[in-house]
Amino acid sequence: MDSSETLLSFRAGRCSLANGKVSPDLRKGSVCIQLGDDDLLHFFWFERFDSGALNSTPEIDLVLFPGDAEFKNVNGRVNVLKFASGAQKEFFWMQDLSEEKDASNVQMVNDLINDVMSENEEMEDAEIDDTPIQTVLHTDAIDAQKSIQLSTLQNILAGLKAKPQRTDIELEDVVNIDTVSPMLSIPEFISSLAPFLPEGSSCSKEEVEDLIRSPQFAQSLQTLSMALRSGQLGPLLSQFGLSEISGSNEGVLGFVRAIQTHVEKSKSSGSAPK
């Protein structure tokens, strides 16, 4: 990440979901929004040590796309990063001693996502239940027993404007544990996955299943889904023989149909699909 450009950074800790409650993780941390070497916008969370230095490895690395990601205040100093393309939500609590920049940092994240640094878009106000959400206060004086009732968060999130239905599908609809599991009993299929698994993997059925269930795999599928809809992967896909969608923006559905067409052509010509 040495050549990455940091566009925004502020102190914030994570929140975890446990036993029906969203509770603060007591570790210090920092949120960094960076334009990565891949020219994509990344949302990083790093653990921050008492010295002020950040862990060299981010604990969270999520790719942000316009119209998909949103960083929204939930209550007090607690915010949520959510995605229209999936159910993943990450909660954070602001850790600067002063609350003065909380709102502007939230707005800046959304401005960077939507690339409207020169505009001031008014954020929607969600109707909040009269039941107060306990606010997490101060970096070094937080009470570990304070927590945010998940039911209240759900009331807030339910009040957000519904996103319009998409005609496209998600890669998660096609590649998931239910669709892949039947093929994992075929030794030849497992062996064919070996070059694409992390170095040192045993390439066992259990390891592949764990990988498919992981949040990192789900995020990768969401990122690829967004890239397919952008239409910018056409030249790359054509190198794999998927010329049917080269230069188009038919999204995930077009990508799946192109693979099906490619396989059918390979079968009819007697050659193995690449």
Side-chain angles (χ1 to χ4, degrees), residues 1-2 4-36 40-64 69-83 86-110 112-113 132-154 156-157 198 210-211 213-220 222-223:
M1 300 301 297
D2 294 341
S4 300
E5 179 184 0
T6 299
L7 305 176
L8 176 65
S9 178
F10 54 87
R11 294 181 176 184
R14 297 189 66 181
C15 293
S16 60
L17 177 63
N19 300 323
K21 293 181 179 180
V22 176
S23 303
D25 183 329
L26 302 186
R27 294 177 299 164
K28 299 176 182 179
S30 287
V31 166
C32 296
I33 310 297
Q34 294 185 359
L35 186 63
L40 296 175
L41 193 66
H42 289 256
F43 183 106
F44 291 106
W45 185 84
F46 295 89
E47 183 177 4
R48 179 166 45 89
F49 303 118
D50 291 337
S51 64
L54 302 182
N55 193 322
S56 60
T57 303
E59 192 166 307
I60 292 179
D61 177 3
L62 299 172
V63 177
L64 308 177
E70 180 185 19
F71 195 55
K72 191 173 184 68
N73 179 255
V74 175
N75 182 272
R77 306 197 72 185
V78 180
N79 303 282
V80 60
L81 178 66
K82 54 185 296 187
F83 299 87
Q88 183 176 7
K89 294 183 179 68
E90 297 288 347
F91 292 91
F92 302 90
W93 59 282
M94 298 300 200
Q95 291 183 330
D96 282 325
L97 292 180
S98 171
E99 302 179 21
E100 183 178 353
K101 293 185 178 180
D102 285 4
S104 62
N105 282 331
V106 171
Q107 183 64 53
M108 281 284 287
V109 172
N110 288 300
L112 289 170
I113 293 173
I133 300 178
Q134 298 182 39
T135 307
V136 181
L137 298 173
H138 304 300
T139 306
D140 300 313
I142 182 173
D143 180 355
Q145 299 303 315
K146 290 185 178 180
S147 60
I148 304 168
Q149 295 295 330
L150 182 60
S151 59
T152 307
L153 291 178
Q154 290 172 334
I156 295 171
L157 295 174
D210 289 343
L211 177 64
R213 292 190 179 99
S214 69
Q216 293 84 359
F217 186 75
Q219 174 64 21
S220 297
Q222 293 171 18
T223 301

Tell me, do Phe71 and Leu64 make a side-chain contact under 4.5 Å, heavy atoms counted? no
With rounding to the nearest 0.5 Å, note down the distance linking CD in Gln95 to OG in Ser30. 7.5 Å
Looking only at non-hydrogen atoms, find the nearest pair between Phe91 and Val74 and report the distance. CE2-CG2, 4.3 Å
Measure the spacing between CZ of Arg14 and CZ of Arg27 and express it to the nearest 0.5 Å. 6.5 Å
Grab the two heavy atoms, one from Leu211 and one from Phe217, that are nearest each other, plus how far apart they are. O-CB, 3.1 Å
Does any N or O in the side chain of Trp93 come within less than 3.5 Å of the main-chain N or O of Asp25, such that one atom is a donor and the other an acceptor? yes
Distance (rounded to the nearest 0.5 Å) between Lys72 NZ and Lys89 NZ: 13.0 Å
Give the minimum heavy-atom separation between Trp45 and Val31, together with the two atoms involved. CD1-CG2, 4.0 Å
Over all heavy atoms of both residues, which pair between Ser9 and Cys32 is shortest? Give the atoms and the distance, please. OG-SG, 3.6 Å
Output yes when a side-chain donor or acceptor of Asp96 lies under 3.5 Å from a complementary backbone atom of Ser98, and no otherwise. no
Do Leu7 and Leu41 have side chains that approach each other closer than 4.5 Å (heavy atoms only, starting at C-beta)? yes
Contact between Asn110 and Glu70 at the side-chain level, heavy atoms closer than 4.5 Å - yes or no? yes
Candidates Phe43, Phe44, Phe10 - the one meeting ring pair (Phe, Tyr, Trp, His ring centres under 6.0 Å) with Phe92: Phe43
Report yes if some heavy atom in the side chain of Asp50 is under 4.5 Å from a heavy atom in the side chain of Lys28; otherwise report no. yes
Between the CZ atom in Arg77 and the CD atom in Glu99, the distance rounded to the nearest 0.5 Å is 4.5 Å
If you measure from OG1 on Thr223 to CG on Leu40, what distance do you get to the nearest 0.5 Å? 8.0 Å
Is Ile113 close to Ile33 at the side-chain level, that is, under 4.5 Å between some pair of heavy atoms? no
Do the side chains of Val63 and His42 get nearer than 4.5 Å, heavy atoms only? yes
From Met94 atom CE to Asn73 atom CG, the distance as rounded to the nearest 0.5 Å: 8.0 Å
